[in-house]
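Every chain is numbered from 1, with letters handed out A, B, ... down the list of sequences. Predicted, not measured: the structure shown is a model, and the values here were computed from it.
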There are 2 protein chains.
Amino acid sequence: MTTEAPQGAAAQDAEWLRLDRQICFSLHAASRAFNGVYRVVLNELGLTYPQYLVMLVLWEHGETPVKKLGEHLRLDSGTLSPLLKRLEAAGLVRRERSTRDERSVEVRPTEQGAALRARALRIPRRVMSATGFTLEEIRDLHTRLDRLTTALDTTALEETPGCE
Amino acid sequence: MTTEAPQGAAAQDAEWLRLDRQICFSLHAASRAFNGVYRVVLNELGLTYPQYLVMLVLWEHGETPVKKLGEHLRLDSGTLSPLLKRLEAAGLVRRERSTRDERSVEVRPTEQGAALRARALRIPRRVMSATGFTLEEIRDLHTRLDRLTTALDTTALEETPGCE
DNA sequence: CGCTATTTGATTGTGCGCAATTGAGTTGTG
DNA sequence: CACAACTCAATTGCGCACAATCAAATAGCG
């Protein structure tokens with residue numbers, strides 16, 4: 001399948017594009033497949049996947065300003081503001097302007113939001129069993145993905161890579 | 001909150017949630033980071049990441065019906081229809097109803113769309129260098145992600161996992 | 001104090017992902 | 001032929017991601 005024959009540069013370029021198609025499609029597809037599983041599992045809690053991510057942070061850290069939430073999840077206010085409003089409309093969180101700094105908005109789980117945590121406890125194992133991966137493999141994948149994300153975030157994307 | 005006591009069931013559950021937060025956040029973040037790099041690189045071609053995926057399929061297979069595109073990329077018409085209209089508006093593809101089956105719409109790259117391929121040839125290496133991964137590692141990650149996606153897609157998500 | 005720069009969140013606009021519906025075209029059956 | 005079942009694409013509606021812009025609050029400096 002791969003470059004077994006010494007081809008021209010054109011054929012090799014085509015090969016690169018084909019490989020790129022496979023790889024970036026893989027990551028894209030894996031992300032959506034994962035999202036799909038969470039959608040099914042989270043459906044009974046009335047949460048979407050990003051909303052679940054927000055609740056996980058709140059369950060772990062309690063009251064958190066929007067700014068901090070954004071740092072934890074790498075999301076900006078354009079995504080968080082409407083999302084948090086929906087969570088507030090669902091009665092799971094409360095948003096209140098900080099008295100010390102009127103620019104800041106504190107988000108904290110309501111009693112109902114905190115109670116939801118009990119029902120969320122079964123989720124991780126259900127999702128993990130759906131992956132068919134062992135805990136070992138999952139941790140390994142987790143490590144690789146973090147390394148990938150860090151590299152992608154820090155790379156300034158020079159104009160000429162000159163790889164090879 | 002989290003008792004320091006050597007794992008009651010509650011403490012262990014909390015640990016699962018913490019791990020889940022890390023892992024599902026990792027995948028989410030990696031996907032968006034990857035998307036972000038492609039966004040920068042593809043910007044000069046005037047393509048978004050999913051549009052690039054479509055063009056990759058067209059460059060490799062030529063004229064393709066929408067149905068086939070959806071199978072290749074696991075996307076439905078709700079996503080593809082407006083995306084293809086934008087590609088057509090940009091002059092990169094043409095959409096024509098099949099004469100044999102009036103339900104089907106054939107998508108083929110225009111001359112301009114085909115020409116864009118030459119400028120896309122440098123992309124894979126640029127992105128790969130941004131990841132900091134070797135080709136070996138990328139292929140390995142690719143394999144794992146495909147396995148993950150397959151598992152997630154085929155799992156019927158039984159109600160009671162009974163893991164452990 | 002007044003003025004500027006920064007921080008913080010909200011808003012707007014564009015594009016993607018997906019479920020649900022619609023509607024035209026095709027196929028199968030009597 | 002008539003009629004039902006199916007296929008394929010388009011549309012609609014909602015939510016997320018992100019860039020760009022805006023407004024309010026704060027901090028820093030003369």
Original post:
Step by step, would you call Leu58(B) with Arg108(B) a side-chain contact (heavy atoms from CB on, under 4.5 Å)?
Top reply: CA-CA 7 Å; Leu58(B) 293 178; Arg108(B) 60 177 176 78; over 6 Å; no
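For Lys85(A), a side-chain nitrogen or oxygen approaches OP1 or OP2 of dT11(C) to under 4.0 Å. For dA9(D), neither phosphate oxygen OP1 nor OP2 lies less than 4.0 angstrom from any side-chain nitrogen or oxygen of Arg97(B). Considering only side-chain N and O atoms, Ser77(A) lies nowhere under 4.0 angstrom from the phosphate OP1 or OP2 of dG9(C).
With a 4.5 Å cut-off on side-chain heavy atoms, Val54(B) and Leu83(B) count as touching. Residues Arg95(A) and Glu106(A) fail the side-chain proximity criterion, which asks for heavy atoms closer than 4.5 Å.
Ranking dA10(D), dA10(C), dC18(D) by closeness to the Ser81(A) side chain, first place goes to dA10(C). Looking at the side chain of Glu102(B), the nearest of the listed nucleotides dG25(C), dC18(D), dC18(C) is dG25(C). Distances were taken from every side-chain heavy atom of Arg32(A) (C-beta onward) to each of dG15(C), dT26(C), dC18(C); the shortest belongs to dC18(C).
Nearest-nucleotide assignment on DNA chain D puts the 5′-proximal partner with Pro50(A), out of Asp101(A) and Pro50(A). For the pair Arg95(A) and Asn35(A), nearest-nucleotide mapping onto DNA chain C gives the more 5' position to Arg95(A). For the pair Gly78(A) and Ser104(A), both in contact range of DNA chain C, the more 5′-proximal nearest nucleotide belongs to Ser104(A). Between Thr99(A) and Arg74(A), the residue anchored nearer the 5' end of DNA chain D, judged by the nucleotide with its closest heavy atom, is Arg74(A).
Residue Arg103(A) places a side-chain atom within donor-acceptor reach of the base of dT7(C), judged by atom type and a 3.5 Å distance cut-off alone.
Rounded to an integer number of Å, the gap from OH of Tyr38(B) to P of dC18(D) is 16 Å. Note: NE2 (His28(B)) to C1' (dG17(C)) measures 12 Å, nearest angstrom. Between the CZ atom of Arg39(A) and the P atom of dA20(C) there is a distance of 11 Å, rounded to whole Å. Atom CD in Gln51(B) sits roughly 8 Å away from atom C1' in dG15(C) (whole-Å rounding). If you take CG of Asp76(B) and P of dT7(D), they are 16 Å apart, rounded to a whole angstrom. A straight line from OH of Tyr49(A) to C1' of dC18(C) spans 16 Å, rounded to a whole angstrom. The interatomic distance linking Glu96(B) (CD) with dC8(D) (C1') rounds to 17 Å, in whole Å. Distance Leu84(B) CG to dG15(C) C1': 14 Å, rounded to the nearest Å.
Ser81(A) contributes no side-chain N or O that, together with a main-chain N or O of Gly78(A), makes up a donor-acceptor pair within less than 3.5 Å. For the pair Arg32(B) (side chain) and Arg74(A) (backbone), a donor-acceptor distance under 3.5 Å is present.
Under the ring pair (Phe, Tyr, Trp, His ring centres under 6.0 Å) criterion, Tyr52(A) pairs with Tyr38(A), not counting sequence neighbours.
Geometric assessment of Arg147(A) against the ring of Phe133(B) yields a positive cation-pi assignment under the 6.0 Å and 45° thresholds.
Heavy atoms of Thr79(A) sit under 4.0 angstrom from at least one base atom. Heavy atoms of Leu83(B) sit under 4.0 angstrom from primed sugar atoms or phosphate atoms, though from no base atom. Nucleic acid contact for Leu75(A): sugar-phosphate only, since backbone atoms but no base atoms lie under 4.0 Å from a heavy atom of the residue.
Here the CH2 atom belonging to Trp59(B) is positioned 8.0 Å from the CZ atom belonging to Arg117(B), to the nearest 0.5 angstrom.
A heavy atom lying under 4.0 Å from DNA chain D marks none of the residues of residues 63-73 of chain A.
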